[in-house]
Amino acid sequence: MIKFVNDIDKDKLRMAYNNDILRFYSDSTVTASYADVVLKESGLFATLNPPILFSVRLYPNPQGHFYINLQPYVAAVINTHNFEDTLQTELESASPDSFLYGYTSGTYLNGSLSITITHTDTTTTASNYGLAWLAAAQQWGNYNRIAKTDLLLLTPPKKDSLNDSYSKYWQGYPFDVSFMVPSGIFRSGIALKNETNGLSYTFPFSAGTINRLVFSDGRTDETLETVLPLTEGQNRISITNSSKQKWLWLEKIPYRCGVYLKWLNAWGGYSYWLFEDTYAIDRAVKYMGEIDSDNANLENSFGRTRQIGKESQDTFKIIAELLTEEESSIVEGILDSPKIYLFTGQPFAKSSYRDWIEVTLKTSGARIKNPKQPLTNFSFDIELPMRFTQML
C-alpha cells in the first residue's frame, strides 16, 4: 500500500500556482526501486481513453521515500491558452443562456493521478486519486481550504470571508463574473437573486465546470439586466446551487469616462476597473541610428548619412483615488497579474475581444495600505505595445 507522509487530501480544490508537494512510500517489506507518477484527464468531459497529461519517474531517497512537487507539471498543462482572453460574446435578451460562456479550458483541471511503485523484485504497488486544480494562487495570511464541491466566485473575496465577493460594474463597458460550479449532476441550475430588489433568475450551468456570466458587452439594450435587473448603487446578489450559497456585492455605477482595464486576477477570473479620466500619456521615442551615404558630390546630395527611423511607445499614467478596502482588494490584484488588457472600443457599443489590447504594467511597486489614511490611492504606469513606424 502507498502511504503519504502528509495526507493527499483528495477532496481539496488545489491551486495550480501554489506548491503541491507529495511525499510517499510503500509499506511493503521489499525495497522500492522507483515510482511512476502519471496524470490523466478525468471528469464528465474526459474521453474513454484520456491522454496522459504528464508522466514522471521518481527514485527514492535512502529511507525509501519519494518526493514530487506537482505544481510545475500542473501549471504547464492547465494553461492551454497562455492566459489570453479570446471570448467573443453574442448576447441576446430573448435567449438568457447567451449570457453564459464556458471557461473551463485553461482555468480548471480535473485529473486522475496514478502512483505506481515498483520494487526490486518487480512487484508493484499502485493507487489512483481523483484531484482537481484551479489556475489560481493563494497567499500566506489569507489561505483557506476550498473543497472541490464548493461553489466559488473567481473574484477577490471580501476580507475574512470566502462566501462574499465585491465587484463594480460601470454602465457602457463590458463586464463579466466567473463561477466554479461544484461537481454533481450533468446540468446544475444556479439561482441568482438580487436581494436588493427581490428579482431572480436561474441559469443552467454545467456541473463541475467554470463559467463566465456576462453582464454586458458594452451595450445597454442587450444586458443581463433584462432577466436580472440591477439597481444603481449596491446590489446584494445571492448565488445558490443546491445547498451551496455565495454572495456577490455588485455596485452598479453610471457611465463615466476613464481608462478601462481588465486583468487576470489571482483566482483565475477577470477583474475590471475604470481608472480616473485624469490620465496622462507619455510617448518615448528611440532614434534607430543612421547609415553612411557619403557617395555623391555636395550639389547632388541631401547629406552624408541617411536616418534609419525611430521606434516609439506610449505609456498611460493612470490613477485610482480614494478606494475603500474592498475596492483596493480588486485594484491591487493588477500588480501580480500575468495578463492585463486595455479597452480600446467605444462605450455603449457591442464589443469584441479585439477591442482589447495587451499592455504591460511598468510600475514596480505600490503602497497597498496607508496607516494614516482610511482610503487608498493607486498610481500606475501602463505601457502600450510598440507603435508601428516607417523605417529603412
- prompt: Got more than 12 heavy atoms from elsewhere within 6.0 Å of CE, Met1?
  reply: no
Intermediate values then yes/no, ring pair (Phe, Tyr, Trp, His ring centres under 6.0 Å), Tyr270 and Tyr272: CA-CA 7 Å; Tyr270 280 92; Tyr272 295 80; 7.0 Å; no
message: Suppose we call two aromatic rings close when their centres sit under 6.0 Å apart. Are Tyr201 and Phe203 close by that rule?
response: yes
task: Identify which one of Leu250, Leu274, Ile253 satisfies the side chain to side chain contact (heavy atoms under 4.5 Å, CB included) criterion when paired with Lys168.
output: Ile253
message: In this structure, is the centre-to-centre distance between the rings of Trp263 and Trp273 below 6.0 Å?
response: no
message: Within the 4.5 Å heavy-atom criterion, are Glu225 and Thr220 side-chain neighbours or not?
response: no
- request: Would you please indicate yes or no on a ring centroid separation below 6.0 angstrom for Tyr25 and Tyr67?
  value: no
query: Can the ring centres of Phe343 and Tyr341 be said to be less than 6.0 Å apart?
result: no
field: Step-by-step salt bridge (Lys or Arg N to Asp or Glu O under 4.0 Å) determination, Asp164 to Lys158
entry: CA-CA 6 Å; Asp164 296 79; Lys158 298 181 84 171; 5.5 Å; no
- prompt: Quick one: are Leu70 and Leu113 in side-chain contact, heavy atoms under 4.5 Å?
  reply: yes
statement: The salt bridge (charged side-chain N to carboxylate O under 4.0 Å, His left out) partners of Asp9 (sequence neighbours excluded) come to Arg145
task: Report yes or no: is the cationic atom of Arg212 (NZ for Lys, CZ for Arg) under 6.0 Å from the centre of the six-membered ring of Tyr103, at an angle within 45° of the ring normal?
output: yes
task: Check step by step if side chain to side chain contact (heavy atoms under 4.5 Å, CB included) holds for Ile382 and Leu361.
output: CA-CA 5 Å; Ile382 303 294; Leu361 180 67; 3.6 Å; yes
query: Run the side-chain hydrogen bond (donor to acceptor under 3.5 Å, both in side chains) check on Thr231 and Asn235 step by step: do they pass?
result: CA-CA 6 Å; Thr231 60; Asn235 293 266; 3.0 Å; yes
Note, Asn265 side chain near Pro156 side chain (heavy atom, < 4.5 Å): yes
- request: Indicate yes or no: at least one non-hydrogen side-chain atom of Trp267 is less than 4.5 angstrom from one of Gln138.
  value: yes
query: Do the side chains of Leu384 and Phe316 get nearer than 4.5 Å, heavy atoms only?
result: yes
pair Phe179-Leu213: side-chain heavy atoms closer than 4.5 Å: yes
- request: Give the C-alpha distance, both sets of side-chain angles, the deciding distance and a yes or no for side chain to side chain contact (heavy atoms under 4.5 Å, CB included) between Phe99 and Phe215.
  value: CA-CA 7 Å; Phe99 293 89; Phe215 282 72; over 6 Å; no
- prompt: Stepwise, does the salt bridge (Lys or Arg N to Asp or Glu O under 4.0 Å) test hold for Asp85 with Lys339?
  reply: CA-CA 9 Å; Asp85 186 13; Lys339 189 71 69 173; over 6 Å; no
field: Contact check, side chains of His119 and Ser26, non-hydrogen atoms, under 4.5 Å
entry: yes
query: Looking at side-chain heavy atoms only, is the closest gap between Trp356 and Lys262 below 4.5 Å?
result: yes
- prompt: Hey, is Lys159 close enough to Glu325 for a salt bridge, meaning N to O under 4.0 Å?
  reply: yes
